[in-house]
Amino acid sequence: MGAFYTGFDYKNRKNGYFKIGETQDKTPAARLSAIRQTDSFQCLGYLLLKNETLAERRYVESYVRMMMEKTHPELTQVQNDHFTYTIDPTRKYEQAQAYAETALRYAMQCCDENKISYEIGTKVYKRG
């Protein structure tokens with residue numbers, strides 16, 4: 001069992017930094033801990049993928065990346081799984097949450113179309 005997760009760097013005030021990712025671990029906890037060693041990252045949601053393969057996990061992440069790029073021209077892809085955007089200071093958290101909900105919706109769509117079983121994660125991970 002692995003996971004697909006999404007979140008953002010909550011300390012940024014002008015230039016947003018939104019991330020999607022995948023991990024082979026049963027939950028995203030260990031991966032989020034590793035990310036927090038260098039970034040101020042807050043997980044905004046995740047899916048637990050059941051009995052998936054490495055290729056399927058990477059496909060879900062790639063599908064989300066492609067769809068976010070297609071449907072959100074205000075996002076600029078940087079690195080492999082990060083997007084930058086201009087933060088609306090009146091809606092900083094709402095803006096990031098909207099991107100996360102869209103990313104999760106695309107991940108579920110990909111899983112449904114490809115018969116990858118998943119469960120919506122319910123644990124709230126503290127930001128680090």
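The shown structure was predicted, so the numbers you read here are calculated from the model rather than taken from an experiment. Residues: numbered from 1 along the sequence shown.
- Residues Asn15 and Thr84 form no side-chain contact, since every pair of their non-hydrogen atoms from C-beta on lies 4.5 Å or further apart.
- Shown here for Gly16 and Ile87, the closest heavy-atom pair between the two residues is N-CG1, 3.4 Å.
- Counting heavy atoms from C-beta on, the side chains of Val64 and Cys110 never come closer than 4.5 Å.
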- Are Glu61 and Arg65 close enough, and set up right, to give a salt bridge (charged side-chain N to carboxylate O under 4.0 Å, His left out), and what steps lead you there? CA-CA 6 Å; Glu61 181 185 6; Arg65 181 174 23 297; 3.8 Å; yes
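- Counting only heavy atoms from C-beta outward, the side chains of Thr102 and Met68 approach each other to under 4.5 Å.
- Looking at Ser117 and Asn51, their side chains never come closer than 4.5 Å, going by heavy atoms from C-beta outward.
- Thr76 OG1 to Glu69 CD: the interatomic distance, rounded to the nearest 0.5 Å, is 9.5 Å.
- For residues 101-121, the set of pairs meeting the salt bridge (Lys or Arg N to Asp or Glu O under 4.0 Å) definition, not counting sequence neighbours, comprises Lys50-Glu119.
- Here the OH atom belonging to Tyr59 is positioned 12.0 Å from the OG1 atom belonging to Thr53, to the nearest 0.5 angstrom.
- Taking both residues in full, the closest heavy atoms of Lys19 and Thr6 are given as O-OG1, 3.1 Å, listed atom of the first, atom of the second, then distance.
- Between Phe83 and His72, every side-chain heavy-atom pair lies at or beyond the 4.5 Å cut-off.
- One finds the CG atom of Leu75 at 13.0 Å from the NE2 atom of His82 (value rounded to the nearest 0.5 Å).
- Ring centroid separation for the pair Phe4 and Tyr118 does not come in under the 6.0 Å cut-off.
- A distance of 8.5 Å separates CG of Leu44 from CG of Leu104, quoted to the nearest 0.5 Å.
- The side-chain contact (heavy atoms from CB on, under 4.5 Å) with Tyr106 is formed by just one residue from the set Met66, Met67, Lys70; it is Met67.
- Here the shortest heavy-atom pairing between Val60 and Cys111 reads CG2-SG, 4.0 Å.
- Taken to the nearest 0.5 Å, the CE atom of Met1 stands 8.5 Å off from the CG atom of Leu49.
- Applying the ring pair (Phe, Tyr, Trp, His ring centres under 6.0 Å) test between Tyr99 and each of Tyr85, Phe8, Tyr17 identifies Tyr85 as the sole match.
- Taken to the nearest 0.5 Å, the CD atom of Gln77 stands 7.5 Å off from the CD1 atom of Ile20.
- Across all their heavy atoms, Phe18 and Gly7 have their closest contact at CD1-O, 3.4 Å.
- Across Glu56, Arg58, Glu52, a single residue satisfies side-chain contact (heavy atoms from CB on, under 4.5 Å) together with Glu22, and that is Arg58.
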